[in-house]
Structure formats: structure tokens, C-alpha cells
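Following: one structure in C-alpha cells, then a few remarks.
Counting convention: from 1, in listed order, for ligands and their atoms alike. Residues take their numbers from the sequence shown, with the count starting at 1.
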Amino acid sequence: MGKLSLILFGPPGSGKGTQAKLLKQSLGIAHISTGDMLRERVASGDTLGREVSGIMQSGGLVPDETVNRLVEDRIQQPDCEKGFILDGFPRTVSQARLLEGFLEGKGLRPLVIHLEVDYNVIIARISGRRQCPTCGNVYSAKANAPDGSLHCDYDGTTLVTRPDDREEVVRERLRAYDQQTAPVLQFLKETGVTVWDVRGDGDSPLVIARGLEALIRREREKWAGGRNGLGGAV
Ligand SMILES: [Zn+2]
């Protein structure tokens, strides 16, 4: 079977990062998270990193040209030989256009999955999250003490809310997602790509991942079986 180019869509907090990690293991392909790539850049503290840091803390989106450059370079790394999962990209129509041209040039057809999760669930999930500034471990809302002064299990450091996890920032991120990412799904559908809507809440991450795997294998077998539709049109 050819190289798999999987695009995972979903609002911040929909669990697409978790799903991407599970699918990476079961399918043996690379996981490309633009969020992680950008955070690494911020941690490096160089000029681009400082610029990105300011944008992320205010809940805004990093410019297309910056993200495009990072992704295009990443897709050509050796670990993407068997395929890759794009997590958090494309986020705008302009990014989607670039990706479409790039995949077409490589003879690749994307498989697009859209994880749907209730926004109230997302806000509760993310704004309750706490992180250890020393070791980076993340704790869910359930682990929080009533006074909010939770400490890390490993090193005792007082946990903090990551700046882009604050409730008002999460709301802003969801608003940005609606404005800029929803049209991307529309764009893909118009170009003939099938977008698979899958519920990202209700079941456990493992159950959701198993469902996604079954969907992916089924679609790939269909494609391999010679149903040679253009751009994933069904
Ligand atoms: Zn810690």
C-alpha cells in the first residue's frame, strides 16, 4: 500500500493529539504536530520563537508562511517514508491550498478525519489542566485540590496553568478555530476530498482510536482495490 497522508481535524482540546499518538503506534507512521513544532521553537528562544510565543499567549494564530515552511520541511524527513499524520495543519484555507498542491505533486491522496467534540466539554477539559513548570508533566482537572495549590507527584513543584490553557484564551482559540478552520473543511469538500466526521467524546481514547483505525484500513483497502476516484471523491 502507498504512503498514507492522514489529516486529523478537530478543535483544540478535542483529543486529536492523543489520537495521533495512538495511530502513530498502531500504523507505524510519523506524527506531525504543528503545536509541538511551534512550542519547540518557542523553547529555543530565538527570534522566530519569541515572535511565536507572543502570538500563542494571546490566543492568536501563527502566520501561514511560518507554519508552511516548518511543515513542508518536516514531511520530507526520513520517518515520513511510510506516511504521516498531520495534527493541527492545515488550519487555514491558504495552508490547505499549499498542502493540496504539495500532496498532489507527490501523488498522495489525503485521508481526512474530523473529530467532533462539544465545546463545553473542551473548555472544562483544557481550563482545568495544570502543568509542572519543572518536569512538564500535565495534570487533568480531576487531580486538582480545592484550593488550587496542587503539587507535582514527581518533584513537588507547584503546578501552574499554561498561559494558552487559561479559560479566556481557550475561548479565543475556539473562536479562531471556528473562523479559520471550519472553512478549511468546506474547501476540502469542494475540491472533492471526503471528510469523515467522527465523535471525539463519549468513548475512551482507545475505543475512539480503534474506530479510526478500522475506518482508515477500510478506506485504504478500497483505494488499493483500484477504485480510482479523484481526490477521494465518493
Ligand atoms: Zn514535576
(message) I'd like to know whether E219 forms a salt bridge (Lys or Arg N to Asp or Glu O under 4.0 Å) with K222, so could you lay out the CA-CA distance, the side-chain angles of the two residues, the decisive distance to 0.1 Å, and finally the verdict.
(response) CA-CA 5 Å; E219 282 310 293; K222 256 202 270 178; 2.9 Å; yes

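- The nearest pair of heavy atoms linking D153 to Y139 is N-OH, 2.9 Å.
- Look at D118 and R199 and you find no salt bridge, because none of the NZ, NE, NH1 or NH2 atoms lies under 4.0 Å from a carboxylate O.
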Name every donor-acceptor pair, under 3.5 Å, that has one atom in a side chain of residues 56-66 and the other anywhere in the protein, sequence neighbours excluded.
{"from": "S58", "atom 1": "OG", "to": "G54", "atom 2": "O", "distance (Å)": "3.4"}
{"from": "S58", "atom 1": "OG", "to": "I55", "atom 2": "O", "distance (Å)": "3.0"}
{"from": "D64", "atom 1": "OD1", "to": "T92", "atom 2": "OG1", "distance (Å)": "3.0"}
{"from": "D64", "atom 1": "OD1", "to": "Q95", "atom 2": "NE2", "distance (Å)": "2.9"}
{"from": "D64", "atom 1": "OD2", "to": "T92", "atom 2": "OG1", "distance (Å)": "3.1"}
{"from": "D64", "atom 1": "OD2", "to": "S94", "atom 2": "OG", "distance (Å)": "2.7"}

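- Side-chain atoms of E213 and L23, non-hydrogen and from C-beta on, do get closer than 4.5 Å to each other.
- Near-neighbour remark for the Zn ion (ligand 1): protein N, O or S atoms under 2.8 Å are C132 SG, C135 SG, C152 SG, D155 OD1, D155 OD2; waters not counted.
- Counting all heavy atoms, side chain and backbone alike, I122 lies closest to P12 at CG2-O, 3.1 Å.
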